[in-house]
Engineer: 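Sharing a structure with you now.
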Amino acid sequence: MPVDKMVDLSGRQLRRLPLHICSFRELVKLYLSNNNLTQLPPELEQLQNLQILALDFNNFRALPLAVCALKQLCILYLGNNKLCSLPLELRLLQNLRTLWIESNYLQHLPEVVCELSLLKTLHAGSNALRTLPTGLWRLRELRSIWLSGNLLAEFPSVLLHMPSLEVIDVDRNAIRFFPSLAHLPGLKLVIYDHNPCRNAPKVAKGVRRVGRWSEESPEPRKRSGAVIEISLNERPSPPPANKAEPEVEAC
């Protein structure tokens, strides 16, 4: 058993998880990023102390059900796979705070995500999402939602009923009109750049907007100078192979 209760097998070109890893019952962090994994052994569910699991940059077409038995998981990386859906058993992960499902083949956000009651951060960019489930409002702990690079033609109305949201990212979609977001008391940042929009979303004082007309009137107006567009550096990327995580206790 590793002294730091962490195993990092990222970038090893693995096609299967070495079975002896499942005997490390006290393991807290397991990084399997950037391999060629398509499945995981049922014995994985023996890791009942696991809090961080990284499966991003693999070849999963379905989430192995053994993952859904890891009830202490706080952070789950599933980005850059080939997932078209998520199993209903995901609802068992009631301690999950952060879920990365970006860069998959999702055409809709699975309803089961709405049952992850403690979820604080959802990364679902670079899929093919056209809508969001109406039940998303039930995620009362959700603070940031990242939806860039999808196929949203309208601003998701369910987000208008989520007052705890602090960050909304809908960059690189197909949204033509933005409703007012000024009533969302927790909002701190809204990213709406690279949409064919006719207006900027109205926000409360102190809320940062990133996109066209973000520093002027929400309605576009012609003027002599070029419209200033802000390039964004804040959007987080998945951590590298040796992912530097916040202390697990914070979960």
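Index from 1, following the sequence. Only heavy atoms go into these numbers, but all of them, side chains included; no hydrogens, no water, no symmetry mates.
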Engineer: Between Tyr77 and Ser33, is any pair of side-chain heavy atoms under 4.5 Å apart?
Structural biologist: no
Engineer: Quick check: does any side chain N or O of Arg208 sit under 3.5 Å from a backbone N or O of Gly206, one acting as donor and the other as acceptor?
Structural biologist: no
Engineer: Using only atom types and a distance under 3.5 Å, with no angle test, would you say the side chain of Asn127 pairs donor to acceptor with the backbone of Ile101?
Structural biologist: yes
Engineer: Check Leu70 against Leu44 and note the closest heavy-atom contact, atom names and distance.
Structural biologist: CD2-O, 3.5 Å
Engineer: Closest heavy-atom contact between Arg209 and Pro201?
Structural biologist: NH1-O, 2.9 Å
Engineer: Aromatic contact between Trp137 and His161, with the criterion being ring centroids under 6.0 Å apart: yes or no?
Structural biologist: no
Engineer: Would you check if the side chain of Asn173 reaches a backbone N or O of Leu151 as a donor-acceptor pair within less than 3.5 Å?
Structural biologist: yes
Engineer: What closest approach, in Å, do Phe155 and Leu160 show between heavy atoms, and which atom pair accounts for it?
Structural biologist: CE2-CD2, 3.8 Å
Engineer: If you define the side chain from C-beta out and look only at heavy atoms, does anything of Leu32 sit under 4.5 Å from Leu40?
Structural biologist: yes
Engineer: How many angstroms lie between atom CG of Leu132 and atom SG of Cys114, to the nearest 0.5 angstrom?
Structural biologist: 8.5 Å
Engineer: Can a side-chain donor-acceptor contact be found between Asn59 and Thr38 if the only test is distance below 3.5 angstrom?
Structural biologist: no
Engineer: Under a 4.5 Å side-chain heavy-atom rule over Ile, Leu, Val, Met, Phe, Trp and Tyr, are Leu118 and Leu92 clustered together?
Structural biologist: no
Engineer: Over all heavy atoms of both residues, which pair between Leu147 and Ala124 is shortest? Give the atoms and the distance, please.
Structural biologist: CD2-CB, 4.1 Å
Engineer: If you apply the rule side chain to side chain donor-acceptor pair (under 3.5 Å), what do you find for Gln46 with Ser23, and how did you get there?
Structural biologist: CA-CA 7 Å; Gln46 297 175 15; Ser23 66; over 6 Å; no
Engineer: Using the side-chain contact (heavy atoms from CB on, under 4.5 Å) definition, which of the options Leu27, Leu76, Val28 pairs with Leu50?
Structural biologist: Leu27
Engineer: Does Asp4 use its side chain to pair, donor to acceptor, with the backbone of Met6 at less than 3.5 Å?
Structural biologist: yes
Engineer: With a 4.5 Å heavy-atom cut-off, do Val190 and Leu181 have their side chains touching?
Structural biologist: yes
Engineer: What I'd like to find out is whether the side chain of Val167 reaches to under 4.5 Å of the side chain of Trp146, using heavy atoms alone.
Structural biologist: yes
Engineer: Tell me whether Asn95 contacts the main-chain N or O of Cys74 through its side chain, where contact means a donor paired with an acceptor under 3.5 Å.
Structural biologist: no
Engineer: Please check if the number of heavy atoms outside Arg130 that lie under 6.0 Å from its CZ is greater than 12.
Structural biologist: no
Engineer: When you look at Lys120 and Ser144, which way does the side-chain contact (heavy atoms from CB on, under 4.5 Å) test go after all the steps?
Structural biologist: CA-CA 7 Å; Lys120 290 183 177 294; Ser144 60; over 6 Å; no
Engineer: Between Leu47 and Cys22, what is the shortest heavy-atom contact and its length?
Structural biologist: CD2-O, 3.7 Å
Engineer: Assess whether side chain to side chain donor-acceptor pair (under 3.5 Å) is satisfied between Ser10 and Asn34, documenting all intermediate values.
Structural biologist: CA-CA 6 Å; Ser10 301; Asn34 195 23; over 6 Å; no
Engineer: What distance do Ile75 atom CD1 and Thr121 atom OG1 have between them, rounded to the nearest 0.5 Å?
Structural biologist: 9.0 Å
Engineer: Using side-chain heavy atoms (C-beta onward) and a distance below 4.5 Å, is Cys84 in contact with Arg61?
Structural biologist: no
Engineer: Give a yes or no answer on whether the side chain of Asp193 reaches the backbone of Gly211 with a donor-acceptor pair at less than 3.5 Å.
Structural biologist: no
Engineer: When rounded to the nearest 0.5 angstrom, what is the spacing between NE2 in His20 and CD in Glu43?
Structural biologist: 13.5 Å
Engineer: Under the criterion side-chain contact (heavy atoms from CB on, under 4.5 Å), I'd like the reasoning laid out for Gln51 against Lys29: C-alpha separation, chi angles, the key distance, then a yes or no.
Structural biologist: CA-CA 6 Å; Gln51 297 188 26; Lys29 304 177 184 179; over 6 Å; no
Engineer: Between atom CG of Leu78 and atom CG of Asn58, what is the distance when rounded to the nearest 0.5 Å?
Structural biologist: 10.0 Å
Engineer: When the ring centroid of Tyr192 is compared with that of Phe178, is the distance short of 6.0 Å?
Structural biologist: yes
Engineer: With rounding to the nearest 0.5 Å, note down the distance linking CZ in Arg16 to CG in Asn36.
Structural biologist: 12.5 Å
Engineer: Under the 3.5 angstrom rule, does the side chain of Asp171 hit a backbone N or O of Asp169 as a donor-acceptor pair?
Structural biologist: no
Engineer: Just so I know, are the side chains of Leu139 and Glu141 near enough to count as touching, which here means a heavy-atom distance under 4.5 Å?
Structural biologist: no
Engineer: Tell me if a side-chain donor or acceptor on Asn80 pairs with a main-chain N or O of Asp56 at a distance below 3.5 Å.
Structural biologist: no
Engineer: Is the closest side-chain heavy-atom distance between Asn195 and Leu152 below 4.5 Å?
Structural biologist: no
Engineer: side-chain contact (heavy atoms from CB on, under 4.5 Å) between Leu14 and Leu9: does it pass, once the steps are laid out?
Structural biologist: CA-CA 8 Å; Leu14 297 177; Leu9 295 176; 3.9 Å; yes
Engineer: What are the two closest non-hydrogen atoms of Glu45 and Ala69, and how far apart are they?
Structural biologist: CB-CB, 3.7 Å
Engineer: Please walk me through it: do Arg176 and Cys197 pass side-chain contact (heavy atoms from CB on, under 4.5 Å)?
Structural biologist: CA-CA 4 Å; Arg176 294 186 175 276; Cys197 52; 5.8 Å; no
Engineer: Compare all side-chain heavy atoms of Asn35 with those of Arg12 and state whether any distance is below 4.5 angstrom.
Structural biologist: yes
Engineer: Does Gln48, at its CD atom, have more than 12 non-hydrogen atoms belonging to other residues, nucleotides or ligands within less than 6.0 Å?
Structural biologist: yes
Engineer: In Å, rounded to the nearest 0.5 Å, how long is the span from CG of Leu65 to CD of Glu89?
Structural biologist: 5.0 Å
